[in-house]
There are 2 protein chains.
Amino acid sequence: MSILTGKTKIMIAEDDTNFGLVLKDYLSLHEYDVHLYRDGRQAFDKFEKGKFNLCILDVMMPIMDGFALAENIKAKDSNVPIIFLTAKSMKVDMIRGFKIGADDYITKPFDSEILLFKIKALLNRSETIVKAVNEQVEFVIGGFKFNSRLRTIQGFGKEEKLSPKEAALLALLCVYLNDILPREVALRKIWNDDNYFTARSMDVFITKIRKYLKDDPNIELLNVHGNGYRLVVKD
Amino acid sequence: MSILTGKTKIMIAEDDTNFGLVLKDYLSLHEYDVHLYRDGRQAFDKFEKGKFNLCILDVMMPIMDGFALAENIKAKDSNVPIIFLTAKSMKVDMIRGFKIGADDYITKPFDSEILLFKIKALLNRSETIVKAVNEQVEFVIGGFKFNSRLRTIQGFGKEEKLSPKEAALLALLCVYLNDILPREVALRKIWNDDNYFTARSMDVFITKIRKYLKDDPNIELLNVHGNGYRLVVKD
DNA sequence: AATCCTGTTTAACTTATTTTAACCCTGTTT
DNA sequence: AAACAGGGTTAAAATAAGTTAAACAGGATT
């Protein structure tokens, strides 16, 4: 847990008061310190003061919509995980959210278990990323040991040095191990931008990382078409 | 270590009273003598009086920000370890902090375990550096024995004398053994400045140190591109 | 005054890193 | 199956960073 105050602090920005209160109560029951705001402007004012560990933002809100709010939040603290709530399951919306820096999205109405699961996964990821950057974190990837701080990978009788971007991307893949790392998330976090050129650049780095890992036949760095990459370790 | 309490004395400069108090309580629980100040001016006044072993400074504060405070503190006592707290994870900030003389930084929100870990590591390093300069400390580097005070290195049937800067740099590398000594930290501590020319000058000294150590094939003085140097001893 | 020691500066050179471009392949959609 | 967007791989270009030798300067030593 990344806070010193005990409970994990969650912000909900949702203009539908009914729905918002139900959500707030549900999450409060699961030991979260939940704060509900009715529009983007209000939510952003509060965000600047309180230290939130996670934000759940409705895409459609008056005054400042979820996308605009997310952009402002990411500008203040680019590490806070953000989950978008969207009524439509339209793919366009999800992609736009990811480009802005969303870490996940969920469509209304939703399964409350799934939301809890996503919250846990996101908080865990956010924590692992913080550790990977600050501490001496060693990721074990099949027969390799990868140190994200020293930017070294050793295994199969050799040790190699990784460049900063190579190391950052591999660390992200490790955080999402066996799960999909969405392209947009990686581009946002490492390149701070998501356009045609940074995307092609990322492809080049994927190839490089595949080369570093090629000695272990149990490791695969799979592409999920139109979505992202998945680092899979068989056992 | 404080003479009266026997405890290590830590200064926190943080304008967010809420966050500051929580942090203070948390560190107090871990046997530190913690003093909290709300702005840079107040913190600096107190620094001049009490002997602090470590300072944790928020970058963004009213009246005097963390960077300005750090500069004043370093001018008074260049050996006190400083940790910067920064909300943004922006690399620019970290680099600026290092250039001013930070020994480490941590981005908010952070894992409290990581902070404790960093405090311990820094206090340990700071102590070793003081000893290396004032006392007779012998560092063992592979097959060599290096005395930082006498500035001698012996091994493989010969003894050589090091110049003051050579010895200072090697001592720093020893303190950070197997870990990265960031360029900025070395430049700040030894050259008291960080610009293009002192950086090139440091590179020259790295070459000189490599020559002193070349007889032992288990010793490597590795560059970590864009970051610093790592003295690695294989065994 | 000549010499040595130390550290600084310069500059030519080498290597690392990232971006861009080219060309080809693979799923997806109509 | 044709058209197209997304992805894979490699090489080249562009930039950034690090290495090294050698010339230089200033103070200390002989």
Side-chain angles (χ1 to χ4, degrees), chain A residues 91-92 94-95 98-99 150-153 159-173 180-187 189-214 220-231, chain B residues 91-92 95 98-99 150-153 160-173 180-187 189-214 220-231:
Chain A
K91 206 178 177 182
V92 214
M94 288 148 36
I95 297 283
F98 275 136
K99 277 187 193 283
L150 303 178
R151 305 204 313 254
T152 56
I153 184 163
E159 169 162 336
E160 292 185 279
K161 291 199 268 185
L162 306 203
S163 79
K165 281 220 162 68
E166 287 166 357
L169 184 54
L170 182 52
L172 253 194
L173 287 163
I180 300 172
L181 165 64
R183 292 191 81 95
E184 294 81 5
V185 170
L187 290 167
K189 284 208 198 293
I190 300 174
W191 278 265
N192 301 311
D193 194 15
D194 179 358
N195 59 52
Y196 174 79
F197 294 104
T198 53
R200 296 334 315 277
S201 188
M202 175 171 151
D203 290 340
V204 173
F205 280 85
I206 289 289
T207 300
K208 287 178 179 167
I209 287 174
R210 283 192 177 125
K211 278 185 188 152
Y212 286 120
L213 299 173
K214 72 173 182 299
E220 282 182 303
L221 181 40
L222 304 170
N223 171 254
V224 183
H225 200 96
N227 198 345
Y229 291 93
R230 220 153 75 80
L231 181 59
Chain B
K91 205 179 178 184
V92 213
I95 297 282
F98 273 137
K99 278 187 192 280
L150 302 177
R151 306 205 312 261
T152 56
I153 184 162
E160 292 183 280
K161 285 192 272 184
L162 306 202
S163 77
K165 280 220 163 62
E166 288 166 354
L169 184 54
L170 182 52
L172 254 193
L173 286 162
I180 301 170
L181 166 63
R183 292 193 85 97
E184 295 84 3
V185 170
L187 289 167
K189 284 211 195 293
I190 300 174
W191 277 265
N192 301 311
D193 193 17
D194 179 358
N195 59 52
Y196 175 80
F197 294 105
T198 53
R200 294 282 69 73
S201 185
M202 174 171 150
D203 290 340
V204 173
F205 280 83
I206 290 289
T207 301
K208 288 176 180 168
I209 288 174
R210 282 191 178 127
K211 279 185 186 152
Y212 287 121
L213 299 173
K214 73 172 182 299
E220 282 182 302
L221 182 39
L222 302 171
N223 170 254
V224 183
H225 200 100
N227 197 345
Y229 290 92
R230 209 154 79 85
L231 181 59

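In what follows, chains are A, B, ... by sequence order, proteins preceding strands, each numbered from 1. This is a predicted model, so every value here is computed, not measured.
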Closest non-hydrogen atom pair, B:E166 against B:K208: OE2-CD, 3.3 Å

Euclidean distance, atom CZ of residue B:R210 to atom C1' of D:dT20 [Å, nearest integer]: 10 Å

pair A:L231-A:I209: side-chain heavy atoms closer than 4.5 Å: no

Sugar-phosphate only, base, or nothing, as touched by A:K208 at under 4.0 Å among non-hydrogen atoms: base

D:dA28 pairs with, by Watson-Crick or G-U criteria that keep both distances under 3.5 Å: C:dT3

Residue-phosphate contact under 4.0 Å: A:S163 side-chain N/O, C:dT18 OP1/OP2: yes

B:L172 to B:A186 - nearest heavy-atom pair and separation: CD1-CA, 3.7 Å

Integer-rounded Å distance: C:dT18 C1' and A:Y196 OH: 16 Å

Sugar-phosphate only, base, or nothing, as touched by A:F197 at under 4.0 Å among non-hydrogen atoms: sugar-phosphate

Point-to-point distance, once rounded to the nearest 0.5 Å, from CG of A:D193 to CG of A:L187: 8.5 Å

Protein-nucleotide distance (A:M202, atom CE; D:dG6, atom P), rounded to Å: 14 Å

Atom-pair distance (CG on A:L162; C1' on C:dA16), nearest Å: 13 Å

D:dG8 OP1/OP2 closer than 4.0 Å to side-chain N/O of A:T207: no

Candidate nucleotides D:dG8, C:dT17, C:dT19, ranked by approach to the side chain of A:W191 - the nearest: C:dT19

Atom pair distance, as rounded to whole Å: CD in B:E166 and C1' in C:dT8: 13 Å

Distance, rounded to the nearest Å, where A:F205 contributes CZ and C:dT17 contributes C1': 7 Å

Atom-pair distance (NZ on A:K161; P on D:dA17), nearest Å: 15 Å

A:H225, nearest nucleotide to its side chain (from C:dG27, C:dT17, D:dT9): C:dG27

Heavy-atom pair of closest approach, residues B:E184 and B:N227: OE1-O, 4.1 Å

Polar pair under 3.5 Å, donor/acceptor by atom type, side chain A:R200, base D:dG8: yes

From C:dT17, D:dG8, C:dA21, nucleotide with atom closest to A:V204 side chain: C:dA21

Along DNA chain D (nearest heavy atom to each residue), the more 5'-positioned of A:V224 and A:K211: A:V224

Atom-to-atom span, CG of A:L169 to P of C:dT19 - whole angstrom: 12 Å

Sugar-phosphate only, base, or nothing, as touched by B:N223 at under 4.0 Å among non-hydrogen atoms: sugar-phosphate

Sugar-phosphate, base or nothing in reach of A:S201, heavy atoms under 4.0 Å: base

